[in-house]
Undergrad: 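Below are the structure tokens for one structure; questions will follow.
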Amino acid sequence: MSGTSSITTEQLRQWDKRHVWHPFTQMQEWERDEQVIIVKGEGCWLIDTDGRRYLDGVASMWTNVHGHCRRELNDALKEQVDRLEHSTLLGLASEQSIILAARLAEITPPGLDRFFYSDNGSTAMEVAVKMAYQYQVHGGHPERSRFITFRNAYHGDTLGAVSVGGIGIYHTTFKPLMFETVQAPAPYCYRCELDCNKNSCSMECADALEGLMKVNTGKVAGLVIEPLLQGAGGMIVQPAGFLKRVRELCDRYDILMIADEVATGFGRTGAMFACNHENVVPDIMAISKGIAAGYLPLAATVTCDKVYSAFLGSYSELKTFFHGHTFTGNPLACAVALKSLQLFEQDNLLAELQPKIARLKQHLDKIESLPHVGDVRQCGLAAGIELVENKETGTPYPWEQQIGISVCLEARKRGVFTRPLGNTVVIFPPLVISNSELDMLLDVLQESIRFVTE
Ligand SMILES: *Cc1c(COP(=O)(O)O)cnc(C)c1O
């Protein structure tokens, strides 16, 4: 029996295989395997139909902040649902979306005060890209239609977001449907395209980026970057100072800087936003995943007065931003997001995070010495462990071997849920994870890596 309902686990599994098409999943394999079905959440734990508990090592796809079913958040949601479940922002304003925008304006980098709501990271990035281009059009520069992007970048799965992405296996199929971009080298020290390494690096990739800006002078609308951390590309951490340098280059070449903080926002890197670490203020910033603490879909594209005011004019000038989503500014999601920001303060969450970040580093330092660990990368409470067939040469495991998946399946047997990115094992727990849970997460991962690779 499945806990709260009278439908058996077996029945649920059958219906799932018959009717649910899972994202980023080879369904032939999915249908063959026995799947875990989650029915409950408690703090950092997910509980399945048989009552088995799994530590949520990836914060339910990088969204969870304060734990599952946190009482204060549940109460905020219940309170709001009895007042107003939804009302549109097209032609009307709504209370929770107003208060949230005003509150977010206090914590986003200075000058980023204009919030355009949507409901997921991909749409927040679509909005950013269209906003940047229309801004150029209004400034009399329709020829500035190119976007500078980074190899290995991920900005979501809708076509505009895919166009500015740079992950081969996700994006190549859709090439004929995508717009062209100018792709700069990924700031990926372990596998540097420019043949540098962590020790010899003097940010040659930023020089290469400048070269591309020069060649495309006057043709670029914006540059799109995941600040500090390329997440889905394999938890690739940028060299210190890289983001700052990118900001300077965007200024020098008059290019709008679009920061995709969908994964890094809301404390993940140890600061509220990744841009804070290098005192960078982008022109446009996309936020989503952690915004509503992992409860409900919500996103925003936030910009400055310079961009916003370019859209002002009489109706007949057609400077309106013709873009919008049905559930924009949903009051339930906004109410939870507001309560989540309160909890950040009440729990002193950012300060509490610092010792956990240090503890994670200690674990990673040990794991780095394992014979099949090529590289470990950490940014705040996010980390990636890249497994390699040969540590001397850095030769990767062939992707068909699904080494990352094998490690995660071993971890699951030991009570930890995580999901790999290719050969990289991902650590991305809820920010409230306790010391003992963090220890368990890392001990289990270390054991599972050794079990599979040694
Ligand atoms: C997850 C992610 C997105 C896409 O967000 P969705 O809500 O899945 O559409 C965009 N950018 C980054 C950096 C992400 O990590």
Side-chain angles (χ1 to χ4, degrees), residues 21-25 58-65 116-132 147 149-167 170-171 174 178 181 186-188 222-238 243 246 257-269 273-275 282 284-302 323 325-328 330 333 336-337 377 379-384 418-422 424 426-429 431:
W21 189 342
H22 288 258
F24 281 101
T25 301
V58 281
S60 291
M61 216 45 241
W62 314 355
T63 60
N64 195 284
V65 177
F116 191 99
Y117 284 112
S118 60
D119 38 48
N120 62 76
S122 306
T123 53
M125 286 306 297
E126 293 283 341
V127 167
V129 164
K130 288 174 72 177
M131 192 184 273
F147 283 85
T149 62
F150 291 92
R151 271 190 276 287
N152 211 41
Y154 180 79
H155 300 291
D157 292 327
T158 55
L159 282 175
V162 166
S163 294
V164 294
I167 301 180
Y170 298 171
H171 297 156
F174 301 107
M178 286 151 59
T181 63
Y188 184 1
L223 169 144
V224 183
I225 184 168
E226 291 161 90
L228 297 195
L229 176 73
Q230 286 189 323
M235 297 294 151
I236 311 296
V237 181
Q238 296 155 19
L243 190 67
V246 168
M257 180 179 183
I258 302 169
D260 179 351
E261 290 251 14
V262 169
T264 49
F266 299 96
R268 180 55 55 181
T269 65
F273 297 100
C275 286
I284 301 176
M285 186 168 110
I287 50 180
S288 183
K289 288 192 172 101
I291 188 172
Y295 268 58
L296 286 160
L298 181 66
T301 307
V302 48
H323 187 109
H325 296 281
T326 307
F327 277 100
T328 179
N330 175 259
V336 175
R377 303 179 279 266
C379 181
L381 209 63
T418 176
R419 197 179 150 81
L421 293 161
T424 297
V426 174
I427 296 151
F428 209 109
L431 299 187

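Because the structure is predicted, anything quoted here is derived from the model rather than measured. Side chains included, hydrogens not; waters and symmetry mates left out as well; all remaining heavy atoms used. Remember, it's 1-based here, ligands and their atoms both numbered in the order they're listed.
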Undergrad: Nearest protein heavy-atom contact for atom 14 (C) of ligand 1: which residue, which atom, what distance?
TA: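 The answer is Lys289 NZ, 2.9 Å.
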Undergrad: Just to be sure I read this right, does ligand 1 sit under 4.0 Å from the backbone of Trp62, its side chain, both, or neither, counting only heavy atoms?
TA: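 For Trp62, the contact with ligand 1 is made by the side chain alone.
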Undergrad: How close do Ala383 and Met235 get, counting heavy atoms only, and between which atoms?
TA: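 That closest heavy-atom pairing would be O-CG, 3.6 Å.
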Undergrad: Using a strict cut-off of 4.0 Å, indicate which atoms of ligand 1 neighbour a heavy atom of Gly156.
TA: 4 (C), 10 (C)
Undergrad: Which residue, Ile225, Val164, Ile236, forms the side chain to side chain contact (heavy atoms under 4.5 Å, CB included) with Phe150?
TA: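 Testing Phe150 for a side chain to side chain contact (heavy atoms under 4.5 Å, CB included) against Ile225, Val164, Ile236 leaves exactly one candidate, Ile225.
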Undergrad: Run the contact test for Glu226 against ligand 1 with a 4.0 Å cut-off on heavy atoms, strictly below, and give the result.
TA: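 A heavy atom of Glu226 does come that close to ligand 1.
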Undergrad: Taking atom types as modelled, find out whether Thr123 and Ser118 have a side-chain donor-acceptor pair closer than 3.5 angstrom.
TA: yes
Undergrad: Based purely on interatomic distance, does Gly121 place a nitrogen or oxygen under 3.5 Å from a nitrogen or oxygen of ligand 1?
TA: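 Between Gly121 and ligand 1 (N or O atoms, distance only) the closest approach is under 3.5 Å.
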Undergrad: So which heavy atom on Val336 is nearest to which on Ala292, and how close?
TA: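 Closest approach of Val336 to Ala292: CG1-O, 3.5 Å.
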Undergrad: Ala263 heavy atoms, cut-off 4.0 Å: which ligand 1 atoms fall inside?
TA: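 Near Ala263, meaning under 4.0 Å from one of its heavy atoms, ligand 1 has 15 (O).
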Undergrad: Polar-atom distance check: Ser122 versus ligand 1, any N or O pair below 3.5 Å?
TA: yes
Undergrad: Can you tell me which portion of Val262 lies within the under-4.0 Å heavy-atom range of ligand 1? Options are side chain, backbone, both, or neither.
TA: side chain
Undergrad: If we count only N and O atoms by modelled type, under 3.5 Å, do the side chains of His325 and Asp119 hold a donor and an acceptor together?
TA: no
Undergrad: So, for Cys275 and Glu261, which heavy atoms are closest and what is the spacing to 0.1 Å?
TA: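 Closest heavy-atom pair between Cys275 and Glu261: N-OE2, 2.8 Å.
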Undergrad: Using the six-membered ring wherever Trp is involved, compare the ring planes of His323 and Phe116 and label them parallel, tilted or perpendicular (cut-offs 30° and 60°).
TA: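 Judged by the thresholds at 30° and 60°, the geometry between His323 and Phe116 is perpendicular.
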Undergrad: Write out the residue and atom name of the closest protein heavy atom to atom 11 (N) of ligand 1, then the distance separating them to 0.1 Å.
TA: Asp260 OD2, 2.7 Å
Undergrad: Could you pull out the closest heavy-atom pair between Ala132 and Ile258, with the gap in Å?
TA: CB-CD1, 3.9 Å
Undergrad: Determine whether the side chain, the backbone, both or neither of Met125 has a heavy atom under 4.0 Å from any heavy atom of ligand 1.
TA: neither
Undergrad: Number the atoms of ligand 1 from 1 as they appear, then name those within less than 4.0 Å of a heavy atom of Asn120, with their elements.
TA: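 Here the atoms of ligand 1 in question are 7 (O), 9 (O).
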